[in-house]
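The next block holds one structure in the form of structure tokens; read it before the comments.
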Amino acid sequence: MSELVGFEAWASLAGDSPTSRTEWAAIIGAWSEPHRRYHDLAHLAAVLGLVGALAGTADDPDAVRLAAWYHDIAYDPERTDNEEVSAGRARAGLRGLVPDDRVDEVERLVLLTAGHDPAPDDANGAVLCDADLAVLAGPPDAYAAYASAIREEYGYLSDEEFTAGRIAVLEHLLALPALYRTPEAARQWADRAAANLTAELTLLRRRAASGPATPPPAAD
């Protein structure tokens with residue numbers, strides 16, 4: 001297990017107590033569920049590492065780190081309220097471990113990952129959303145592996161259903177005011193991410209044009 005998701009990293013935020021140890025174990029268990037192909041411990045470690053790299057621009061770096069731990073703790077591809085469930089799980093799990101105002105901020109940040117559209121003055125939200133979306137700027141082979149893993153997570157959908165849903169997600173991302181909000185992420189990742197998203201969207205639109213239209217499910 002990566003040290004980024006080890007207990008020492010968690011304890012630096014939530015303390016070392018029996019309650020904290022129990023909560024950490026529960027978090028690791030949730031992120032290790034067998035149906036996860038992308039939203040797994042590797043993704044959690046990647047987001048935590050990137051939050052650490054970008055945290056200098058955050059107002060409350062520890063709140064952002066805690067939000068990263070919880071942002072996909074609830075992940076059921078057949079539900080549309082995973083962010084809401086994850087935010088509630090964060091509030092319940094952190095009660096008594098960190099100050100109430102930080103719990104409030106963690107809950108807010110987790111909810112923000114539903115749309116990845118933080119306000120211009122939301123420094124904490126910018127760091128979390130940029131770290132979560134960093135995968136979009138990977139090399140073409142890494143991006144293809146990410147897209148394939150997402151498809152596996154939505155294996156219960158037909159190709160037509162998944163294609164329609166994925167097109168909606170990609171169109172949403174490309175329509176955001178900016179994909180990345182921190183200066184460093186915008187400089188390093190924006191062009192590559194836009195190219196990856198556009199390439200996948202073009203492919204999926206071709207696929208959709210050759211098949212029957214279907215209502216778009218959530219496929220993020």
- Can you sort out the partners of S148 under side chain to side chain contact (heavy atoms under 4.5 Å, CB included), two or more places apart, ordered by chain and number? E152
- Item | Distance, nearest 0.5 Å, that separates CG of D60 from CD of E105 | 6.5 Å
- Task: Kindly indicate whether the side chain of I150, heavy atoms from C-beta on, has any atom under 4.5 Å from the side chain of R166.
- Result: yes
- Item | Set of side chain to side chain contact (heavy atoms under 4.5 Å, CB included) partners for P34, sequence neighbours left out | none
- Message: What I want to check is whether the side chains of Y75 and E153 have a donor and an acceptor closer together than 3.5 Å.
- Response: yes
- Which residues pass the side chain to side chain contact (heavy atoms under 4.5 Å, CB included) test with R207, sequence neighbours left out? T163, L203, L204
- Min side-chain heavy-atom separation Y70-S86 under 4.5 Å: no
- Where L48 and L4 come nearest, the two heavy atoms and their spacing: CD1-O, 3.3 Å
- Message: Measuring from atom CG of L176 to atom CG of L174, what distance do you get when rounded to the nearest 0.5 angstrom?
- Response: 8.5 Å
- Item | Close side-chain approach of L128 to L112, heavy-atom, < 4.5 Å | no
- Query: Would a 4.5 Å heavy-atom cut-off, applied to side chains only, mark L44 and D72 as touching?
  - Reply: no
- Task: Not counting sequence neighbours, which residues clear side-chain hydrogen bond (donor to acceptor under 3.5 Å, both in side chains) with D81? List them please.
- Result: R79
- Query: Closest approach of I167 and A208, non-hydrogen atoms and distance?
  - Reply: CD1-CB, 3.9 Å
- Query: So, for L97 and S17, which heavy atoms are closest and what is the spacing to 0.1 Å?
  - Reply: CD2-OG, 4.0 Å
- Is L201 linked to L133 within one hydrophobic cluster, defined over Ile, Leu, Val, Met, Phe, Trp and Tyr using a side-chain heavy-atom separation of less than 4.5 Å? yes
- Item | Closest approach of H35 to P77 (non-hydrogen atoms, all atoms of both residues) | CD2-CD, 3.9 Å
- Message: Once salt bridge (Lys or Arg N to Asp or Glu O under 4.0 Å) is applied, what residue pairs with a partner in residues 118-133 remain, sequence neighbours excluded?
- Response: R108-D122
- Query: When hydrophobic residues are tied together by side-chain contacts of less than 4.5 Å, even through go-betweens, does V85 share a cluster with I28?
  - Reply: no
- Item | Any side-chain heavy-atom pair of L66 and W10 under 4.5 Å | yes
- Message: Under the rule for salt bridge (charged side-chain N to carboxylate O under 4.0 Å, His left out), what residues qualify as partners of D76, not counting sequence neighbours?
- Response: none
- Item | Pair R151 + D159: basic N to acidic O under 4.0 Å | yes
Give the table of side-chain donor-acceptor pairs shorter than 3.5 Å for residues 188-196, with sequence neighbours excluded, one pair per line with atom names and distance.
residue : atom : partner : partner atom : Å
Q188    : NE2  : E184    : OE2          : 2.5
R192    : NH1  : A137    : O            : 3.2
R192    : NH2  : Q188    : O            : 3.2
N196    : ND2  : L136    : O            : 2.8
N196    : ND2  : G138    : O            : 2.9
N196    : ND2  : R192    : O            : 3.4

- Task: Sorted by first residue and then second, give each salt bridge (Lys or Arg N to Asp or Glu O under 4.0 Å) pair with at least one member in residues 167-183; sequence neighbours left out.
- Result: D117-R181, E171-R205
- For D40, check side-chain hydrogen bond (donor to acceptor under 3.5 Å, both in side chains) against everything at least two apart and list the hits. none
- Query: Closest heavy-atom contact between A131 and V51?
  - Reply: CB-CG2, 3.7 Å
- Taken in chain and number order and not counting sequence neighbours, the residues that satisfy side chain to side chain contact (heavy atoms under 4.5 Å, CB included) with P139 are D141, A142
- W24 side chain near W69 side chain, heavy-atom distance below 4.5 Å: yes
- Task: Using ring pair (Phe, Tyr, Trp, His ring centres under 6.0 Å) as the criterion, list what pairs up with Y38, not counting sequence neighbours.
- Result: H43, Y146
- Query: Any donor and acceptor pair, going by atom type alone, linking the side chain of H116 with main-chain N or O of L179 inside 3.5 Å?
  - Reply: no
- Item | Closest non-hydrogen atom pair between S20 and A14, with its separation | OG-O, 3.6 Å
- Which pairs count as side chain to side chain donor-acceptor pair (under 3.5 Å) when at least one residue sits in residues 87-101, sequence neighbours excluded? E23-R89, R91-D104, R91-E107
- Message: Could you walk me through whether Y154 and E78 satisfy the side chain to side chain contact (heavy atoms under 4.5 Å, CB included) test, starting with their C-alpha distance in whole Å, then the side-chain angles of each, then the deciding distance to 0.1 Å, before giving a yes or no?
- Response: CA-CA 8 Å; Y154 284 86; E78 298 192 47; over 6 Å; no
- Query: When rounded to the nearest 0.5 angstrom, what is the spacing between OH in Y180 and CZ in R187?
  - Reply: 14.0 Å
- Query: Does L111 belong to the same Ile/Leu/Val/Met/Phe/Trp/Tyr cluster as V64, with side-chain heavy atoms less than 4.5 Å apart forming each link?
  - Reply: no
